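Treat the numbers as computed from the prediction; the structure is a model and nothing was measured. No hydrogens, no waters, no symmetry mates; every other heavy atom, side chains included, goes into these values.
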Amino acid sequence: MFRSSLGKISGFVVFLVLCSSVAYGEYGDVVLNKRSEAEGVRPVVFPHWFHRIRFRCKVCHTELGFEMRAGANDVTMQQIINGEFCGACHNGVIAWPTENCELCHSGKPGTKSGIYGGHETLGPGKW
Amino acid sequence: MRRAVNSVLLITLITGLSFSYISIAEQQPVRKWKPIKDDGIHDPASSAIGVLQNPAEALSVLPPDTAGNQVNWVKALRDGHIKPRTHLNKQGKLERLDTDIIMEDTLEMPNVLFPHRAHTEWMDCASCHDHIFKSKAGATPVSMFDILQGKYCGRCHGAVSFPLTECDRCHSVGKKRKASK
């Protein structure tokens with residue numbers, strides 16, 4: 001009885017510690033880092049808040065075919081340069097072109113792919 | 001005797017302070033966003049810092065909310081504060097649906113009201129149908145456990161749309177209300 005509640009309490013403490021060490025970001029920020037760091041550039045940070053001011057969800061998630069699952073899209077730089085995914089807009093017509101490497105590849109080294117952020121909720125985006 | 005006086009003073013001070021804090025908080029909910037340079041996911045050494053927009057600059061002028069981006073996105077869109085494009089190359093129209101779905105399998109919690117309207121203002125039917133939800137009320141085996149795992153409503157809520165801590169926004173109707181619009 002005592003043991004199990006001790007277990008729960010320490011579990012909770014571990015949970016709190018984990019939460020506090022989780023990287024922040026604004027709610028809905030996505031990091032794409034399947035290849036970037038391995039290929040010598042910083043991870044990519046995609047801000048949802050910035051883009052949803054300008055586009056409905058549907059534009060990216062239906063028209064451009066981005067799956068609504070962080071990490072589910074296999075995006076390569078070549079595809080972007082060819083006008084797919086981010087490159088459908090970052091082409092110098094709808095938005096600034098791909099030459100501005102640093103603006104997309106702005107992530108802190110070591111940040112894993114996934115959804116970030118949380119103002120009230122510190123969890124890894126699931127909660 | 002002295003100690004008793006002291007503790008009375010202390011208690012008065014604390015209650016006084018907390019009351020004034022509460023009244024300040026009620027008057028003007030203070031919204032704060034981490035600047036890009038110390039948000040923990042951007043590299044402070046990157047030359048993008050200073051070029052990228054800080055969330056506070058764009059979000060502080062939009063209708064307030066208490067969770068997620070601290071922006072009431074539904075209101076921001078409806079009241080025309082923002083005009084996000086419906087199509088890649090043009091501003092058009094989305095098919096809007098106004099029906100509400102009431103979900104009653106909620107144990108002791110109030111029933112869930114799912115509004116098609118707020119959703120179809122942001123996205124098309126294909127964003128949900130039929131890979132996340134069937135097009136028949138009651139046909140999808142939604143549960144809170146799965147939602148917390150990132151399925152069903154939890155695909156978006158808890159990731160991009162308002163977080164799952166806001167129980168009462170989904171569990172928003174009394175057990176008696178059954179009729180859907």
[X] versus chain A, heavy atoms under 4.5 Å apart: side chain, backbone, both or neither?
X: B:Asn54; result: backbone
X: B:Leu59; result: side chain
X: B:Ile132; result: neither

Among the listed options [options], the residue most often paired with chain B at heavy-atom distances under 4.5 Å:
options: A:His105, A:Arg56, A:Met68, A:His48; result: A:Arg56
options: A:Pro43, A:Gly107, A:Pro47, A:Pro109; result: A:Gly107
options: A:Arg54, A:Lys58, A:His51, A:Glu102; result: A:Lys58
options: A:Thr62, A:Ile53, A:Leu103; result: A:Ile53

ask   = So how far is it from B:Asp39 CG to B:Trp33 CH2, rounded to the nearest 0.5 Å?
value = 14.5 Å
ask   = Do NZ/NE/NH1/NH2 and the carboxylate oxygens of B:Asp130 and B:Lys134 come within less than 4.0 Å?
value = no
inquiry  = Closer than 4.0 angstrom, basic N to acidic O: yes or no for B:Asp43 and B:Lys37?
reply    = no
Which atoms of [X] come close to chain B, meaning under 4.5 Å heavy atom to heavy atom: side chain ones, backbone ones, both, or neither?
X: A:Phe55; result: both
X: A:Cys60; result: neither
X: A:Asn100; result: neither

task = Flag the one option from B:Lys34, B:Arg155, B:Glu121 with the top tally of heavy-atom pairs under 4.5 Å to chain A.
result = B:Arg155
task = Among the options B:Ile82, B:Ile49, B:Asn89, pick out the one with the most heavy-atom pairs lying under 4.5 Å from chain A.
result = B:Ile82
query = Would you call B:His171 and B:Asn111 a side-chain contact if the rule is heavy atoms closer than 4.5 Å?
reply = no
query = Only one of B:Ile101, B:Ile102, B:Thr99 forms a side chain to side chain contact (heavy atoms under 4.5 Å, CB included) with B:Phe114, so which one is it?
reply = B:Ile101
remark   = side chain to side chain contact (heavy atoms under 4.5 Å, CB included) test vs B:Lys75 passes for just one of B:Leu77, B:Val71, B:Asn72, namely B:Asn72
remark   = Checking B:Tyr152, B:Phe162, B:Trp73 against B:His157 for ring pair (Phe, Tyr, Trp, His ring centres under 6.0 Å), the one that qualifies is B:Phe162
ask   = Can you list the steps and then say if B:Ser127 with B:Asp124 is a side-chain hydrogen bond (donor to acceptor under 3.5 Å, both in side chains)?
value = CA-CA 6 Å; B:Ser127 302; B:Asp124 55 359; 2.7 Å; yes
